[in-house]
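We use all heavy atoms of the structure for the numbers below, so side chains are in, but hydrogens, waters and symmetry mates are not. Bear in mind that the values here come from a model prediction, so they are computed numbers and not experimental data. Every chain is numbered from 1, with letters handed out A, B, ... down the list of sequences.
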2 protein chains.
Amino acid sequence: MIVEHGFEGLSMHKLAKAAGVSVATIYIYFRDREDLIQQLYAEEMQKMVEATLRDFNPESHFDEGLKVQWLNRMNYCFENPYSMFFTEQVKHSPLFDRSNIDTRFLHAMHLFVHRAIERNEIIPLPVEIYWSIAFAPLYQLVKFHIAKSSMPGRPPFILDEEKINLTLSLVIKALKP
Amino acid sequence: MIVEHGFEGLSMHKLAKAAGVSVATIYIYFRDREDLIQQLYAEEMQKMVEATLRDFNPESHFDEGLKVQWLNRMNYCFENPYSMFFTEQVKHSPLFDRSNIDTRFLHAMHLFVHRAIERNEIIPLPVEIYWSIAFAPLYQLVKFHIAKSSMPGRPPFILDEEKINLTLSLVIKALKP
DNA sequence: CAAATATAAATGAACGTTCGTTTATTTATC
DNA sequence: GATAAATAAACGAACGTTCATTTATATTTG
């Protein structure tokens, strides 16, 4: 409902009807409407983080580790477009609470980056700059892919492993000493 | 209203009251609520595009042209945080209509990229990959800056011209032959 | 083992608001 | 006196939430 019609598209009555359940039943499991959305968001984010960290070793070489994360993230987005759209919508709405970010994920990332810097695999950078170069391009490509026709009047953009590898190599080039 | 409470925070009654106007008056100038939001979005996007293209010459050297755009975009976001937040919210909502993207802007960008490729200033790339590397990091940095504390438990991230230049140099390194 | 009781889960109906939108009328401008 | 702009009031529909009640499940008792 939220993905297709925005937050306004989710009403407790419609949700109850769609779930084949009474409206009051929802309030047994969720304090109120906002709590429902927040719990759903937390749940989806946790699944995404787990998928992103699958087979990821923070001690691995930077190139290898970043590639694992890119492919994980890309695959998850492709297999769960609704989840992706929903979480992106929350992240760009006033509902988003930055203090609730998964710390397990952050720690793994910090370890990974600092190890890579120690080993001289990438140049030392503020984490935000590192993040903006290492991940923002991936997100953008995934969005282009999901939007199918990325730009009007152009052929649809299909993100495949070849394009991922090309972009990844450029990103790594930027971060290499 | 939308920035502070989401789309649900904008009601015609509350808007009329805030504007010191009757509800019916709004319907003289806007077909309905959605038309109001779409017109507001189009207006804000046009202002942003104009600000981004200020002093930008599509024929200029790639490094120079990209820097102009980055600084323009960054400054506009800083000076108009509400506009930024609002448009980002629309872009990540089902209201967003990809077919309404400003073509003037797209043409300027295409010309700029192709000239740079012709002059061998950057490697040839699909436009989407170019875009994801050339701009996504900037957006991410601006978001970090606006979010003040980028990641919990870390000092607030302040985006200044020095950090912009550093990131820009890395991005250019990635795109250079 | 069945009946009785206690506990938990689920419900339909209703609450008072607020929603987006319209219409008949008044006010301002030319 | 005509045209345009603005309004107050009202519309039914839908909203989030609650509550008294019913249904289902588990436990105890005779």
(request) Let me know the distance between CG of B/Leu10 and P of D/dC15, rounded to the nearest Å. (result)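 Those two atoms, CG and P, are 17 Å apart.
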(request) Quickly work out the A/Met12 CE to C/dG16 C1' distance and round it to whole Å. (result)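 So the two atoms are 17 Å apart, to the nearest Å.
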(request) Can you tell me the distance, in whole Å, between the CZ atom of B/Arg33 and the C1' atom of C/dT21? (result)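 Whole-Å distance recorded here is 13 Å.
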(message) What is the distance, to the nearest angstrom, from the NZ atom on A/Lys17 to the C1' atom on D/dC15?
(response)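 Going from NZ in A/Lys17 over to C1' in D/dC15 covers 14 Å.
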(request) Side chain of B/Val23 only, please: which of C/dC19, D/dT7, C/dT21 is the nearest? (result)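 Taking heavy atoms from C-beta onward, the closest nucleotide is C/dT21.
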(message) Distance check needed: D/dT7 C1' versus B/Leu15 CG, whole Å only.
(response)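 About 16 Å, once rounded to whole Å.
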(request) Find the distance A/His13:NE2 to D/dT18:C1' and express it as a whole number of Å. (result) 11 Å
(message) Can you classify the ring geometry of B/Trp131 versus B/Phe135 as parallel (below 30°), tilted (30 to 60°) or perpendicular (above 60°)?
(response) tilted
(message) So A/Ser11, base contact, sugar-phosphate only, or nothing? Heavy-atom distance under 4.0 Å.
(response)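 Sugar-phosphate only.
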(request) Select from A/Ile28 and B/Glu8 the residue whose nearest nucleotide in DNA chain C is closer to the 5' end of that strand. (result)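 Looking at the nearest nucleotide for each, A/Ile28 comes out on the 5' side.
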(request) Provide, to the nearest angstrom, the distance between the CD1 atom belonging to B/Ile26 and the C1' atom belonging to C/dG20. (result) 11 Å
(request) May I have the distance from B/Tyr27 (atom OH) to D/dA10 (atom C1'), rounded to whole angstrom? (result)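 Going from B/Tyr27 (OH) to D/dA10 (C1'), I get 14 Å.
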(message) Counting the atoms with a prime plus P, OP1 and OP2 as sugar-phosphate, which does B/Phe30 contact under 4.0 Å by heavy atoms, base, sugar-phosphate, or nothing?
(response) nothing
(request) Identify, between A/Ala24 and A/Gly9, the residue whose nearest nucleotide on DNA chain D lies closer to the 5' end. (result) A/Gly9
(message) Please determine whether a side-chain nitrogen of the Lys or Arg among B/Glu64 and B/Lys67 lies less than 4.0 Å from a carboxylate oxygen of the Asp or Glu.
(response) no
(request) Could you check B/Tyr41, B/Phe7, B/Tyr82 and say which one makes a side chain to side chain contact (heavy atoms under 4.5 Å, CB included) with B/Ile2? (result) B/Phe7
(message) Please evaluate residues B/His145 and B/Phe78 with respect to the criterion ring pair (Phe, Tyr, Trp, His ring centres under 6.0 Å), reporting the C-alpha separation (whole Å), side-chain torsions for both, the decisive distance (0.1 Å), and the verdict.
(response) CA-CA 9 Å; B/His145 176 98; B/Phe78 286 177; 4.2 Å; yes
(message) Can you classify the ring geometry of A/Phe56 versus A/Phe112 as parallel (below 30°), tilted (30 to 60°) or perpendicular (above 60°)?
(response)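 A/Phe56 and A/Phe112: perpendicular rings.
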(request) Please state whether the phosphate of C/dT11, meaning OP1 or OP2, lies under 4.0 angstrom from any side-chain nitrogen or oxygen of A/Thr25. (result) yes
